[in-house]
Structures are given as C-alpha cells and as structure tokens.
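In what follows, chains are A, B, ... by sequence order, proteins preceding strands, each numbered from 1. Values in this document were obtained by computation on a predicted structure and should not be read as measured data.
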Number of protein chains: 2
Amino acid sequence: MSANSRLTVAVHILSWMTLVARTRADPVTSERIALSVNTNPVVIRRTLGLMQKAGLVRSHRGANAGWTLARSAGAITLREVFAALGEGGPFALHPSPPNASCPVGRGIQPVLGRVYGALDDLIERQLSQTTIEQLLDETLSGTSEPNRP
Amino acid sequence: MSANSRLTVAVHILSWMTLVARTRADPVTSERIALSVNTNPVVIRRTLGLMQKAGLVRSHRGANAGWTLARSAGAITLREVFAALGEGGPFALHPSPPNASCPVGRGIQPVLGRVYGALDDLIERQLSQTTIEQLLDETLSGTSEPNRP
DNA sequence: CTTGATGTAACAATAATAGTTACATCAAGG
DNA sequence: CCTTGATGTAACTATTATTGTTACATCAAG
C-alpha cells in the first residue's frame with residue numbers, strides 16, 4: 001500500500017522517551033532520540049513538533065534544552081499518537097472524478113466514503129487499545145504475549 | 001497517509017460490470033470501463049489482470065473480446081477485491097533498521113508488527129462485510145435518474 | 001554573552017502512483 | 001486464412017509523497 005513509517009517513528013520516540021524518563025527526568029534531545037531510531041534529528045523534531053501541538057510532549061529551549069513527555073506514558077494511546085500526525089485513512093477515492101453521466105460514476109463516491117469512514121473508525125478504536133507504556137513494557141520483555149489485561 | 005485509489009478503482013470496475021451484466025451478458029471492454037472510471041484503459045486492464053489472477057473476473061480474447069465477472073456480484077466481498085490487489089497494510093516499520101544496541105531499537109519492531117497485524121485483520125474483517133452487489137445497490141439508490149452505463 | 005538545542009525553511013534523493021504509448025498476441029468470424 | 005478488435009505487458013513519463021539533509025534564525029539558562 002502506500003504505507004509510511006511515521007506512526008512507527010512517533011511511537012518509537014515516545015517509547016524511548018518513556019524508558020529514559022524512568023531513570024532521569026531531564027529533557028532528552030532530538031539528536032539522542034535519532035540515534036535510537038536511526039534517522040536524522042530533523043525528522044525526529046518534525047514528528048515531535050506535531051506531537052507537541054497535540055499536547056503529548058513539551059519542548060524546552062535554552063540551556064539543558066530538549067523534550068519531555070507532557071503526560072505519563074500510560075495515558076498516551078496509539079490513537080492519540082496517530083491523530084497527532086494528522087494523517088488520513090489508508091484508502092483514497094478516485095484520482096480524477098468519475099464520469100458523472102454514469103450511475104456508478106455518479107453515486108459510488110459517497111458509498112465508498114462511508115465504507116472508508118467505517119474503516120477509519122475501526123482503526124482508531126483498535127489503536128486506542130494500546131498505550132505507550134504497554135507497548136514499551138512488551139518491547140522490553142521481548143516476549144510474544146498479546147497485550148491488554 | 002499515502003493512500004492510493006486502487007481499491008476504489010477496482011470496486012468501481014466490478015460495480016460497473018455488475019450493472020451492465022444485469023441487462024447484457026456480453027463481455028465489456030476496458031475502454032468502456034475506463035469511460036466510467038475516468039482513467040486510461042491500461043489502468044483498468046492492469047487492475048482487471050490482478051482480479052483475474054484472483055479468480056474474480058475472466059478475460060476473453062479474439063472477436064467480441066472483453067471481460068466478464070467470474071462470479072455473481074453477491075459472492076464477491078471487498079475483502080477479496082482488496083486481497084486481489086496484493087497490497088500490504090497501511091503502516092510500515094522503520095525505513096532503516098533501528099539501533100540494535102538500544103533496548104527499544106532492539107525490541108520494538110516485533111511488537112509494532114503485531115499491532116499492525118491486528119489492524120490488518122480488522123480491516124479485512126470489515127471489508128468482508130460488504131459485497132459488490134450491496135455496494136452497487138447502495139450506489140444506485142443514491143442516484144435519481146437512470147442514464148447510460 | 002556564550003552555549004547548545006529547538007523550530008523551520010529549503011533542498012535533494014528516492015520511491016510510489018497514475019497515466020500514456022506502443023505493440024505483440026490472441027481468437028472469432030467472414 | 002486473414003481481418004479485426006481487444007487483451008496483456010513492457011517501457012516510459014509526469015506528478016507527488018516520503019525520507020533524509022543542510023542551513024540558520026531563535027531561544028533561554030547559566
């Protein structure tokens with residue numbers, strides 16, 4: 001599909017910040033995060049900027065600058081992370097509008113729009129089942145256990 | 001997201017073929033389908049080729065050539081159409097592998113893989129709820145005037 | 001005032017998407 | 001057997017999305 005890796009990167013960022021925050025409360029820099037994610041710090045800052053607008057993280061400037069979580073990791077669901085990125089759903093309608101003088105071309109878009117909307121709802125509902133904290137704990141345990149108590 | 005329109009085009013193709021088949025059993029050409037979808041016939045043939053491999057449609061060559069449904073539209077779900085296109089899920093893992101010397105970088109991919117896998121299952125389950133026939137009937141009920149297909 | 005990091009803009013490289021041209025291939029029907 | 005019209009694909013283009021990169025103004029603590 002058209003899959004991009006932005007949710008992956010965003011979740012990785014928050015998970016790493018959570019892990020670090022368990023031993024130190026200091027802000028972490030985009031450069032250090034980038035070392036774990038293995039990408040450029042600007043990519044990290046772009047994503048952090050979106051998550052800051054969504055109220056998930058805070059930036060700090062001046063000396064000892066960097067980023068901190070705005071909430072506990074147990075209170076951040078993947079749904080909120082996904083929403084912070086401002087992405088649309090996985091399916092698009094026609095690249096150029098279909099033929100309006102055909103009953104199918106005229107009527108199919110609203111119908112497909114509803115189908116795709118239901119899918120988006122479903123995706124959001126599923127993403128809301130997992131928090132960053134759960135995901136980090138699973139990551140650290142290295143086991144294959146399913147999530148959710 | 002990088003949403004593409006292939007499922008939309010595929011569903012449009014099958015819906016249009018179903019509508020036409022209600023009055024004539026003859027094969028329809030990619031060129032005629034392209035007029036309704038408003039794109040190039042080759043785009044239509046590419047998608048039809050994938051759906052033929054999946055057993056959803058049949059191609060006919062020689063004189064009076066074209067395409068026909070391989071099954072009744074009530075027996076084709078959106079899930080099968082989607083599967084025929086051979087697309088992956090909406091979310092990708094890291095573009096370049098994360099830092100393996102970090103606990104998060106080392107462990108997050110399998111965990112995210114399971115999260116994304118659960119989403120793919122959910123999407124498939126939802127798509128399996130709708131048939132081409134249902135979708136066409138909804139499409140036609142939304143349009144008022146009958147017109148040439 | 002120095003310092004180190006944020007916040008953005010601008011650009012580059014790569015890949016995906018959709019559209020297009022061209023043509024060999026096929027099979028029905030004259 | 002030859003004409004015909006459409007399939008089936010390869011190859012190419014144009015456009016856009018994605019990711020990565022460079023550069024630099026801005027900020028606030030010390």
Undergrad: Using whole Å, report how far CD1 of A:I33 lies from P of D:dG20.
TA: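 One finds 15 Å between P of D:dG20 and CD1 of A:I33, rounded.
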Undergrad: Does D:dG30 pair with anything, Watson-Crick or G-U wobble, both distances under 3.5 Å, and if so, with which nucleotide?
TA: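 Partner of D:dG30: C:dC1.
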Undergrad: Does B:D120 pair with B:R79 as a salt bridge, N-O distance under 4.0 Å?
TA: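 Judged by the 4.0 Å cut-off on N to carboxylate O distance, B:D120 and B:R79 do not form a salt bridge.
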Undergrad: Is any side-chain N or O of A:Q52 closer than 4.0 Å to OP1 or OP2 of C:dT6?
TA: no
Undergrad: Give the rounded distance in Å between these two atoms: CD of A:E31 and P of D:dT22.
TA: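 Going from CD in A:E31 over to P in D:dT22 covers 13 Å.
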Undergrad: OP1, OP2 of C:dA18 versus side-chain N and O of B:R6: anything below 4.0 Å?
TA: yes
Undergrad: Kindly compute the distance separating CG (A:L78) from OG1 (A:T131), expressed to the nearest 0.5 Å.
TA: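 If I round to the nearest 0.5 Å, the distance is 7.5 Å.
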Undergrad: If we ignore angles and hydrogens, is there a donor and acceptor under 3.5 Å between the side chains of B:T68 and B:R58?
TA: no
Undergrad: Select from A:T39 and A:G62 the residue whose nearest nucleotide in DNA chain D is closer to the 5' end of that strand.
TA: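 Per heavy-atom nearest nucleotide, the more 5' residue is A:T39.
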Undergrad: Within this structure, what is the NE2-to-P distance between A:H94 and C:dG19, rounded to whole angstrom?
TA: 10 Å
Undergrad: Can a side chain N or O of B:S5 be found less than 4.0 Å away from OP1 or OP2 on C:dA18?
TA: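 Yes, such a contact exists.
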Undergrad: Should we say atom CZ of A:R24 is surrounded by more than 12 heavy atoms from elsewhere, each under 6.0 Å from it?
TA: no
Undergrad: If you count the non-hydrogen atoms of other residues, nucleotides and ligands that lie under 6.0 Å from CZ in A:R32, is the total more than 12?
TA: no
Undergrad: Start at the 5' end of DNA chain D and walk down; is the nucleotide closest to B:T29 or to A:R46 reached first?
TA: B:T29
Undergrad: Could you tell me how far apart A:N38 (CG) and D:dT19 (P) are, to the nearest whole angstrom?
TA: 14 Å
Undergrad: With respect to the phosphate group of D:dT7, does any side-chain polar atom (N or O) of B:S59 fall under 4.0 Å of OP1 or OP2?
TA: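 No, no such contact exists.
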Undergrad: Mind checking B:N40 for me? I need base, sugar-phosphate or nothing, with any heavy atom below 4.0 Å counting as a touch.
TA: base
Undergrad: Would the base of D:dT26 count as contacting A:R45 through its side chain, where contact means a donor and an acceptor less than 3.5 Å apart?
TA: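 Such a pair does not exist between side chain and base.
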Undergrad: Taking CD1 from B:I13 and C1' from C:dA18, how many angstroms apart are they, rounded to a whole number?
TA: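 So the two atoms are 13 Å apart, to the nearest Å.
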Undergrad: Return the pairing partner of D:dT9 with a 3.5 Å limit on both distances, Watson-Crick or G-U wobble; otherwise return none.
TA: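 WC or wobble partner is C:dA22.
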Undergrad: Can you tell me how far C1' of D:dT9 sits from CD1 of B:I44, to the nearest Å?
TA: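 Distance check: B:I44 CD1 to D:dT9 C1' gives 16 Å.
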Undergrad: State the CD1-CG distance between A:I13 and A:L56, to the nearest 0.5 angstrom.
TA: 11.0 Å
Undergrad: Indicate, yes or no, whether a donor-acceptor pair under 3.5 Å links the base of C:dT25 to the side chain of B:R61.
TA: yes
Undergrad: B:A63 or A:G49: which one's nearest nucleotide on DNA chain C is closer to the 5' end?
TA: A:G49
Undergrad: What is the base-pairing partner of D:dT18, counting Watson-Crick and G-U wobble geometry with both distances under 3.5 Å?
TA: C:dA13
Undergrad: If the cut-off is 4.0 Å, is A:S96 near the phosphate of C:dG19, judged by side-chain N/O to OP1 or OP2?
TA: yes
Undergrad: Within the pair B:N64 and C:dA28, is there a side-chain N or O less than 4.0 Å away from OP1 or OP2?
TA: no
Undergrad: May I ask which nucleotide in the shown strands pairs with D:dT3, Watson-Crick or G-U wobble, both distances under 3.5 Å?
TA: C:dA28
Undergrad: Nearest-Å distance, CZ (B:F91) to C1' (D:dA17)?
TA: 16 Å
Undergrad: Rounded to the nearest Å, what distance is computed from the CG atom of residue A:N4 to the C1' atom of nucleotide D:dG20?
TA: 15 Å
